[in-house]
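Here the structure is laid out as structure tokens; the discussion comes afterwards.
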Amino acid sequence: MPSSWLMYIFLYVLVCDGVVAQMENRVVFLFNTFQNVNVNANETVQAVVSRIPPEVAFITLQFHTQYSNATLSYTRMPGLGLSLTAVDSGLLSPLIPGQTKLSWFLLAPDGDSVAGTGVILPYTSSDPVPGSCNLEFDLDIDPNVYLHYNLFETTIRFAPANIGYSRGSNPPACDTEVGENTRWRLRYDIYQYFLPESDLSEQSLITSIQSVANVQTMREHGKRIMTLSSNDKTEVVFSSIPGQGVIYSVIVKDPVLNTSSSYIPVHTYACSFSSTLDGCDTLGKISTRIFFTIAGLAGLFVCFFGHRFFKCELFCMGFGFAAFLFFVLITRTTKLDYDIRLTLTAVIGVVGGVILVMSWWRFGSVMSCVVAVGLMLGFLISSIVFFTPVGDIQVFRSNVVFWVTFSCIVVAVPLFFVRWPREGNITTCGVAGAYAVVLAVNAYIYTSLSYITLNILKRFLNDNFSKAFTDVPFQDIDFIMITVWVVLGVSGIVLQLYRERTRSFFPPSPYLMWLQERERRKTNVLDPSHHTSSLPSRLLARARQLTGRRESAGERTPLLL
């Protein structure tokens, strides 16, 4: 009887702890075969693999969801050092001699059901063991890649690997020796794989994960960014691309045995699916779209008519320079809301445009204005140069080297066109105006071409951005937008050169024309305007013309006071 009461008390405690309330399912995995798994709230799913061949020395289980956390655990009850909770999570289990079966446990930690895809990968004793020399993270052997992102950069970190070892043997020491027979001979290849642009669907992610989950498929479909030695810091920084899905993976290879193993791939969109503000589904702010739509329309006008309407061109170029510099200044020095900063940027841009126009109107120095406009073309060309793989060359990680080189290119372009100022001005109109159209399109449809200037802006705003790799995806929309940019730019340049071939190089300054007209009236006594009042001659001539018409029609001419 007392034993029965003890049993009831024990069951009551278990129910209060939520153990009995959890239902347990079982999912059988096959090697290298993906299995879609649903984990309901308050449910534990047991992942099982059996018939393990004797040559397999260790196994990794990886599980991926789009944005919901899932818990992988060695035991039914997760604990510190025995489990991991993440969107992309994985566990590594060394095998003992004679072991043919292995199991793990999946749970939904946030109280909501979780759906994802998982795969189990086998490795032999000659393959490197990912994360076996972990001293930083919670798991004893941690094959995971840890990712952190912000608006500017995405950082991945991982634990060092160890050389392979057979079942039942002790793993080689990690840091007691340095030589060819230790883990220090290992190399780490960092891979990157871009998901389809503007595709935030779960199916796209699952398909992409399945195509790059192991060593062979990642090498076939991914892009190797760099290779780290065992002496390098196991941390790599990339440029963030909000709204663009990216998968990162690390492949550790043993150059002596010519074997490789894969860490657990990790993905990011550099935005949040759960945030109601600035989430992945609300990246395109209304204020941004309005700003760049107006800029795109102005750029289209400048592309085809900028030189003909010189004052409008100067206003647009002055607006662009002042707005860019002010946005950098206000972002670095204040923490104002984005919409407020964008509004103030637009106001200062208008002021900058008016100042450039008034400087030309007052002083009439065409050359100084053309140099100012040429700096815009130089900025774009320099940005394009560093948008290419040139920007990821190691020497340009130094801010001093980068900014000196960048500035030299910016200044060299207007100096080149000093000999041909009209051609340089029209070229700037075509190239810069067409790029403004590209930026306007980017406000509605993502295109990687926006990062030509956005990478430079990030480097202005973030002192640590020099460490980031600025690689971006080039897909169908990007090639279409390159074609649009080239067609608009070339068409605008050719049209303006043809239309302006018989005109003067630049329109004269209105202020200088007024000074010349006033001087002419003072010195030319034969000019009737010399004997009239200071009222502009055009108005007097028009008044005489109207008076003559009325007198000829027999009308009475009113007295002009």
Side-chain angles (χ1 to χ4, degrees), residues 25-39 44-65 70-75 83-84 86 88-106 115-132 139-145 158 161-169 171 189 191 193 205-222 247 249-254 257-267:
N25 291 329
R26 193 167 181 265
V27 178
V28 178
F29 280 84
L30 300 177
F31 286 137
N32 299 304
T33 302
F34 275 88
Q35 179 76 42
N36 294 330
V37 181
N38 291 319
V39 184
T44 299
V45 175
Q46 185 180 19
V48 179
V49 60
S50 58
R51 299 179 182 179
I52 303 175
E55 64 271 14
V56 176
F58 64 93
I59 295 175
T60 61
L61 166 66
Q62 51 181 274
F63 189 73
H64 306 274
T65 68
T71 298
L72 285 186
S73 177
Y74 289 109
T75 59
S83 64
L84 178 70
D88 300 284
S89 54
L91 297 176
L92 187 148
S93 295
L95 302 177
I96 60 177
Q99 185 176 3
T100 60
K101 184 178 180 180
L102 188 63
S103 64
W104 301 269
F105 299 90
L106 288 82
T117 186
V119 66
I120 291 178
L121 303 178
Y123 295 96
T124 66
S125 59
S126 61
D127 296 324
V129 185
S132 183
L139 295 175
D140 184 28
I141 300 178
D142 197 339
N144 292 277
V145 176
F158 56 95
N162 203 348
I163 57 177
Y165 53 94
S166 59
R167 292 192 185 194
S169 61
D189 290 335
Y191 279 84
Y193 177 83
L205 172 66
I206 297 302
T207 302
S208 300
I209 285 287
Q210 293 176 353
S211 65
V212 295
N214 57 41
V215 173
Q216 181 180 354
T217 54
M218 177 55 83
R219 285 175 173 169
E220 290 177 356
H221 302 108
I247 298 174
S249 185
V250 179
I251 294 178
V252 53
K253 58 184 180 181
D254 188 334
L257 301 178
N258 195 26
T259 55
S260 300
S261 301
S262 175
Y263 282 73
I264 308 302
V266 61
H267 78 279

For Thr207, the side-chain hydrogen bond (donor to acceptor under 3.5 Å, both in side chains) test, sequence neighbours excluded, returns Gln203
Taken in chain and number order and not counting sequence neighbours, the residues that satisfy side-chain contact (heavy atoms from CB on, under 4.5 Å) with Thr71 are Pro78, Ser83, Thr85, Leu107, Pro109
Applying ring-ring contact (aromatic ring centres under 6.0 Å, His included) to Phe63 and not counting sequence neighbours gives none
All heavy atoms of Leu139 vs all of Gly90, minimum pair found to be CD1-O, 4.2 Å
So CG of Leu91 and CZ of Phe105: to nearest 0.5 Å the spacing works out to 11.5 Å
Closest heavy-atom pair, Ala70 versus Thr65, reported as atoms and distance to 0.1 Å, is CB-CG2, 4.4 Å
Rounded to the nearest 0.5 Å, the CG atom of Asp88 sits from the CD1 atom of Ile247 at a distance of 8.0 Å
Note: Tyr165 and Pro171 closest approach over all heavy atoms is CE2-CB, 3.5 Å
Close side-chain approach of Ile59 to Trp104, heavy-atom, < 4.5 Å:
yes
One should read off an interatomic distance between Thr117 OG1 and Asn36 CG, to the nearest 0.5 angstrom, of 4.5 Å
Across all chains, not counting sequence neighbours, the side-chain contact (heavy atoms from CB on, under 4.5 Å) partners of Gln99 are Leu95, Ile96, Leu102, Arg167
side-chain hydrogen bond (donor to acceptor under 3.5 Å, both in side chains) filter on Asn144, not counting sequence neighbours, yields Asp142
Notebook entry, point to check: Could you go step by step and tell me if Phe34 and Ile209 meet the side-chain contact (heavy atoms from CB on, under 4.5 Å) rule?
Noted result: CA-CA 10 Å; Phe34 275 88; Ile209 285 287; 4.2 Å; yes
Taken in chain and number order and not counting sequence neighbours, the residues that satisfy ring-ring contact (aromatic ring centres under 6.0 Å, His included) with His64 are none
Contacts of Leu30 meeting side-chain contact (heavy atoms from CB on, under 4.5 Å) (sequence neighbours excluded), chain-then-number -> Thr33
Note: Ser169 and Ser166 closest approach over all heavy atoms is OG-O, 2.7 Å
Would you be so kind as to tabulate the donor-acceptor pairs closer than 3.5 Å made by side chains of residues 121-131, with sequence neighbours excluded?
from, atom 1, to, atom 2, distance (Å)
Tyr123, OH, Ser262, N, 3.4
Thr124, OG1, Ser126, OG, 3.1
Thr124, OG1, Asp127, OD2, 3.2
Asp127, OD2, Thr124, N, 2.8

Review point. Are Val212 and Ser249 close enough that some pair of their side-chain heavy atoms sits under 4.5 Å apart?
Key: no
Looking only at heavy atoms, the pair that brings Ala47 and Leu61 closest together is CB-CD2, 4.4 Å
With sequence neighbours left out, the residues meeting side-chain hydrogen bond (donor to acceptor under 3.5 Å, both in side chains) with Ser260 are Arg219
Here the side chain to side chain donor-acceptor pair (under 3.5 Å) pairs for residues 47-56, sequence neighbours left out, are none
* Min side-chain heavy-atom separation Tyr193-Pro265 under 4.5 Å -> no
Those residues at least two apart in sequence (or on a different chain) that pass side-chain hydrogen bond (donor to acceptor under 3.5 Å, both in side chains) with Asn162 are none
Taken in chain and number order and not counting sequence neighbours, the residues that satisfy side-chain contact (heavy atoms from CB on, under 4.5 Å) with Val48 are Arg26, Gln46, Lys101, Ser103
Taken to the nearest 0.5 Å, the spacing of Leu92 CG from Ser132 OG works out to 8.0 Å
| message | Let's go through Val28 and Val49 carefully: what are the C-alpha distance in whole Å and the side-chain angles of both, what is the deciding distance for side-chain contact (heavy atoms from CB on, under 4.5 Å) to 0.1 Å, and is it a yes or a no? | response | CA-CA 6 Å; Val28 178; Val49 60; over 6 Å; no
task: Would you indicate whether Asp140, at its atom CG, is surrounded by more than 12 heavy atoms from other residues, nucleotides or ligands within a distance under 6.0 Å?
output: no
